[in-house]
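In what follows, every chain begins at residue 1, and chains take the letters A, B, ... in the order their sequences are listed.
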2 protein chains.
Amino acid sequence: MRQPLHLRISAELAAKIRSGEWPPGYRIPFEHELTARYGCARATVSKAVEALAAAGLVDRRRRAGSFVAQPHVEAAILEIADIQAEVEARGQAYGYELLSRRLRPPRAEGDEGRLKAQGPALQLICRHRANGRPFTVEERVINLAAAPSAETADFAATAPGAWLLAHVAWSEAEHRIAALGADPVLAGLLAVAPGHACLRLTRWTWRGGEGITAMRQTFPGEAYNLVARFTPAAFGSDGTKTTI
Amino acid sequence: MRQPLHLRISAELAAKIRSGEWPPGYRIPFEHELTARYGCARATVSKAVEALAAAGLVDRRRRAGSFVAQPHVEAAILEIADIQAEVEARGQAYGYELLSRRLRPPRAEGDEGRLKAQGPALQLICRHRANGRPFTVEERVINLAAAPSAETADFAATAPGAWLLAHVAWSEAEHRIAALGADPVLAGLLAVAPGHACLRLTRWTWRGGEGITAMRQTFPGEAYNLVARFTPAAFGSDGTKTTI
DNA sequence: GACTAAAATATGTCTAGACATATTATCCAG
DNA sequence: CTGGATAATATGTCTAGACATATTTTAGTC
């Protein structure tokens, strides 16, 4: 059993769909037909077809059968790597510096209000560099009620993202991506002209309903491209299951 | 059987993980223990735990057991809706106009070269409006070898994205998001000042290895925010399975 | 014809096993 | 003490059924 049968079945069905041989709307063979074709139990073909359904390649309807789904670009996988890893993956030298750190009384207005934090917060501003040049300015607010140990962490040595990842569990996150012209302060920090087009990535992170941290990274427009890849099939043509 | 048992098990395990009661690295109960606890067959608990693994909540290792995964913000779901739906969802009036249409000989340089198209292509430039104001300028190239019927389609009446979705199957897509300052031509089309920060979404779409279309949408910076939501668990607290 | 009840049927869920496979722990020999 | 063979064990895959559930088709009734 070099290759599990259910993966082989998934891959063969996925190939028919992706090649266009089975167009959207086409009813793929019933489970009992696949059972006969592959000479296996229904649970096996069911697992194969269910995987295609999970990948969005087919829609299943009781009594009616399973149908090739209409293609739709509705969701893409946006990979947001750790800044340091991102910079080093480009073969550039990574640099990090803490610009500002202060304790802040509770407040709930603005972007940060989405965290619904009640207690005091730690506010950090730091800068990441690639080959010495400013790569991104990060503004971060950490809810000390959710992460008390952050108050004594050494954020001059460790970037807040890396520290939080290692110390605090989270359950939900939301990202927002926007373009904006750099204001004078930001322009100074990023070493660009005021008004220069920048990409801003904002992220809120929660655990349960409790806000943990809000973060805003601003990149000079030409320094960073967010890349999102999407494949409707989770199955490569070689039968390997790709991660979604 | 109001709620399938395997979903109930998944939801209960997910709740323990998300609450922090089972921290990253914690070994969740063995399948035979869950089998005893829930009084069901191993296939049922296996399906439940496998779903958690697929959702990235746990890592499974033979002989060792299943362990709560380290949380990581590595991938987010970027939802990119149809422009018309997006505008209308905001309660604004949608407008569309075709600015330019021409047949182009094959060429393979630049962004478009990623399509690896051999034959002639159709090049379109169009503009989408929200409440009368420019919302985005779309530049699109369609590979006529992959979609011959595009040559006779009426893109003055139907936006190319909607037309392609209905007429051409695709298998892979890639998005790129960047910020840039508007050049004079773009600034005129978007009715903003030259240099104004804009958000640019570029998308390439393939079927198999064959490029179908390349698209570039540029939004005035303040008009559009891309939103990506991420939850490590595919299971809501109510046991419902959320889509990934 | 329109509406309703019943039969048919494909998928959804689940069981109680079996054997395969990867990995860890153990024990033994050198 | 170290390296390697061996045993133990948790997950991975699969079978051959069973019953549940949703939906469509069919048959029957008003």
Set out, line by line, the N/O atom pairs under 3.5 Å between protein and nucleotides 22-24 of chain D.
from, atom 1, to, atom 2, distance (Å)
dA22(D), O4', Arg62(A), NH1, 3.2
dT24(D), O2, Arg63(A), NH1, 3.2

Check: With sequence neighbours excluded, what pairs up with Glu151(A) under the side-chain hydrogen bond (donor to acceptor under 3.5 Å, both in side chains) test?
Finding: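 Glu151(A) satisfies side-chain hydrogen bond (donor to acceptor under 3.5 Å, both in side chains) with no residue once adjacent residues are dropped.
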Next item on the list: Under the side-chain hydrogen bond (donor to acceptor under 3.5 Å, both in side chains) rule, collect the residues that match up with Gln92(B), sequence neighbours excluded.
Entry: none
Starting at atom [atom1] of [X], determine the distance to atom [atom2] of [N], rounded to an integer number of angstrom.
| X | N | atom1 | atom2 | answer |
| --- | --- | --- | --- | --- |
| His6(A) | dG12(D) | NE2 | P | 10 Å |
| Ile9(B) | dT13(C) | CD1 | C1' | 12 Å |
| Arg27(B) | dT23(C) | CZ | C1' | 15 Å |
| Glu50(A) | dT11(C) | CD | P | 12 Å |
| Asp59(B) | dG12(D) | CG | P | 11 Å |
| Leu5(B) | dA18(D) | CG | P | 21 Å |
| Gln3(A) | dT21(C) | CD | P | 13 Å |

Notebook entry, point to check: Just the dot-bracket of DNA chain D, please: which string comes out with Watson-Crick or G-U pairs under 3.5 Å, [ ] for crossing, | for another strand?
Noted result: ||||||||||||||||||||||||||||||
Notebook entry, point to check: Which nucleotide, dA16(C), dT13(D), dA16(D), lies nearest any side-chain atom of Lys47(A)?
Noted result: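 Per side-chain heavy atoms of Lys47(A), the pick is dT13(D).
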Next item on the list: Please determine, for the side chain of Ala41(A), which listed nucleotide (dT11(C), dT11(D), dA16(D)) has the closest atom?
Entry: dA16(D)
Notebook entry, point to check: So does Arg42(B) reach the base of dT13(D) with its side chain, donor to acceptor, closer than 3.5 Å?
Noted result: yes
Check: Counting only side-chain N and O atoms of Ser46(B), is one of them less than 4.0 Å from OP1 or OP2 of dT11(D)?
Finding: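 Ser46(B) to dT11(D) OP1/OP2: no side-chain N or O under 4.0 Å.
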Item checked: Short side-chain N/O contact from Ser66(A) to OP1 or OP2 of dA10(C), under 4.0 Å -> no
Name all residues meeting the ring pair (Phe, Tyr, Trp, His ring centres under 6.0 Å) criterion together with [X]; count only those two or more places apart in sequence or in a different chain, and write none if there are none.
| X | result |
| --- | --- |
| Tyr96(B) | His128(B) |
| Trp163(A) | Phe155(A), His167(A) |
| Tyr26(B) | Trp22(B) |

Show every donor-acceptor pair shorter than 3.5 Å between a side-chain atom in residues 59-70 of chain A and any protein atom, with sequence neighbours excluded, or say none if there are none.
from, atom 1, to, atom 2, distance (Å)
Arg60(A), NE, Ser66(A), OG, 3.2
Arg60(A), NH2, Glu31(A), OE2, 2.3

Any sub-3.5 Å donor-acceptor pair from [X]'s side-chain atoms to [Y]'s backbone N or O?
| X | Y | result |
| --- | --- | --- |
| Thr213(B) | Thr205(B) | no |
| Glu33(A) | Phe30(A) | yes |
| Thr44(B) | Cys40(B) | no |

Next item on the list: Could you check which residues of residues 30-40 of chain B get a heavy atom under 4.0 Å from DNA chain D? Sort them by number, please.
Entry: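 Those residues are Phe30(B), Glu31(B), His32(B).
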Check: Hey, which of these two, Ala43(A) or Gly65(B), hits DNA chain D nearer its 5' end, going by closest nucleotide?
Finding: Gly65(B)
Could you tell me which residues satisfy side chain to side chain contact (heavy atoms under 4.5 Å, CB included) with [X], sequence neighbours excluded, listed by chain and number?
| X | answer |
| --- | --- |
| Ala156(B) | Leu98(B), Asp154(B) |
| Arg200(A) | Glu139(A), Leu180(A), Leu186(A), Thr202(A), Arg216(A), Thr218(A) |
| Ala178(B) | Asn225(A) |

